[in-house]
Number of protein chains: 2
Amino acid sequence: MTKEEKRFQEKIKAIQDTMFVLGGKWKLPIILSIYSGNKRFNDISNAIPKITNRVLSKELKHLEENLLIKRTVIDDYPVRIEYAVTDYAFGLEEVIKPMESWGKKHRKKISGK
Amino acid sequence: MTKEEKRFQEKIKAIQDTMFVLGGKWKLPIILSIYSGNKRFNDISNAIPKITNRVLSKELKHLEENLLIKRTVIDDYPVRIEYAVTDYAFGLEEVIKPMESWGKKHRKKISGK
DNA sequence: AGATCAGGTATCCTTTTGGATACAGGTATC
DNA sequence: GATACCTGTATCCAAAAGGATACCTGATCT
């Protein structure tokens with residue numbers, strides 16, 4: 001493999017990592033929903049009506065593993081669980097802004113083709 | 001739906017559009033392979049050994065529809081087909097650079113958790 | 001004791017994405 | 001006329017992502 005090929009492989013891997021973290025149907029809606037103030041499992045579930053419990057649960061785990069949200073057990077009676085976006089998640093701005101802006105430009109380009 | 005919710009919906013749609021265009025296992029490798037000088041179907045197929053004809057063909061169509069590559073029929077004998085990245089594709093730089101850089105940072109963050 | 005609620009799991013199913021293999025159609029070559 | 005090359009297409013299959021529905025656990029409420 002040439003040097004250039006290796007650089008490309010790493011570039012591809014990094015970009016695909018980003019898409020692995022944010023990709024799929026629900027990860028962004030969930031992050032933004034929690035950011036908007038929905039802290040509890042059922043709050044989020046109601047705010048995003050079409051997601052099922054199974055998928056919400058899996059996605060929350062994924063986001064927690066990737067340090068974008070934090071799950072806190074609050075130990076009064078009854079025990080509550082609260083989700084919050086982390087400070088680290090705010091670092092996403094640097095990538096989601098360009099993705100949003102390219103996506104918008106691209107939609108215009110394609111629709112007016 | 002509140003104003004804020006609507007803004008979020010549009011943000012999400014735009015970001016997911018970007019991921020629709022670039023996402024999946026092969027789209028970036030194909031773009032970079034063509035950019036590196038592989039113009040013919042079989043060149044690309046050989047440069048990316050694990051892709052099958054079926055998938056390569058589908059992905060080339062997707063990239064062409066999204067104006068990132070151009071397919072040209074060259075009419076001597078035998079007829080050849082040449083693929084090239086478009087000028088428009090160079091505009092991806094503004095989005096793939098931040099995606100690459102966030103992806104790299106994130107991998108470090110996660111692996112050293 | 002029985003009902004209720006929060007925060008999920010468990011099981012099964014459908015859709016989407018990608019892979020394996022064969023081969024087709026048009027031209028050129030032997 | 002048979003054979004080979006190029007650019008795909010056709011058919012079938014496997015894996016991954018997502019959806020529907022039921023249910024569980026631990027606590028509190030009546």
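Numbers restart at 1 for each chain; the letters A, B, ... are given by sequence-line order, proteins then strands. What you see is a predicted model, and the numbers here were worked out from it, not measured in a lab.
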| Any A/Arg80 side-chain nitrogen or oxygen under 4.0 Å from OP1 or OP2 of D/dT28 | no
| field | Other residues, nucleotides, ligands: >12 heavy atoms within 6.0 Å of A/Lys39 NZ | value | no
| field | Protein-nucleotide distance (B/Arg54, atom CZ; D/dT7, atom C1'), rounded to Å | value | 16 Å
| message | By the definition salt bridge (charged side-chain N to carboxylate O under 4.0 Å, His left out), identify the one residue from B/Arg107, B/Lys109, B/Lys108 that meets it with A/Asp17. | response | B/Arg107
| query | Hey, mind stepping through B/Glu5 and B/Lys3 against salt bridge (Lys or Arg N to Asp or Glu O under 4.0 Å) and telling me if it holds? | reply | CA-CA 5 Å; B/Glu5 277 168 355; B/Lys3 272 242 154 93; over 6 Å; no
| remark: Sorted by chain and residue number, the side chain to side chain donor-acceptor pair (under 3.5 Å) partners of B/Tyr35 (sequence neighbours excluded) come out as none
| message | At a heavy-atom distance below 4.0 Å, which nucleotide of DNA chain C is the first touched by chain A, and which is the last? | response | C/dA6 to C/dT11
| field | Residue A/Phe20 excluded, over 12 heavy atoms near CZ under 6.0 Å | value | no
| Separation of A/Glu59 atom CD from D/dA16 atom C1', in whole Å? | 13 Å
| said: Using a strict heavy-atom distance below 4.0 Å, which residues from residues 15-52 of chain B are in contact with DNA chain C? | reply: B/Gly24, B/Lys25, B/Trp26, B/Thr52
| message | Does the structure place the NZ or CZ of A/Lys70 under 6.0 Å from the centre of the six-membered ring of A/Tyr83, at an angle of no more than 45° from the ring's axis? | response | no
| said: Can you measure B/Tyr83 atom OH to D/dT7 atom C1' for me and round it to whole angstrom units? | reply: 8 Å
| message | Closer than 4.0 angstrom, basic N to acidic O: yes or no for B/Lys97 and B/Glu100? | response | no
| query | Quick one: do A/Glu94 and B/Lys105 make a salt bridge, cutoff under 4.0 Å? | reply | yes
| Taking all non-hydrogen atoms of both residues, which atom of A/Val21 and which atom of A/Leu68 are closest, and how far apart? | CG1-CD1, 3.6 Å
| request: Please report, rounded to the nearest Å, how far the P atom of D/dA17 is from the NZ atom of A/Lys58. | output: 7 Å
| Which base sits across from C/dT29 as a Watson-Crick or G-U pair, both distances under 3.5 Å? | D/dA2
| note | Answer for the Watson-Crick or wobble partner of C/dG2, both distances under 3.5 Å, is D/dC29
| note | When rounded to whole Å, the NE2 to C1' distance for the pair A/His62 and D/dA16 reads 14 Å
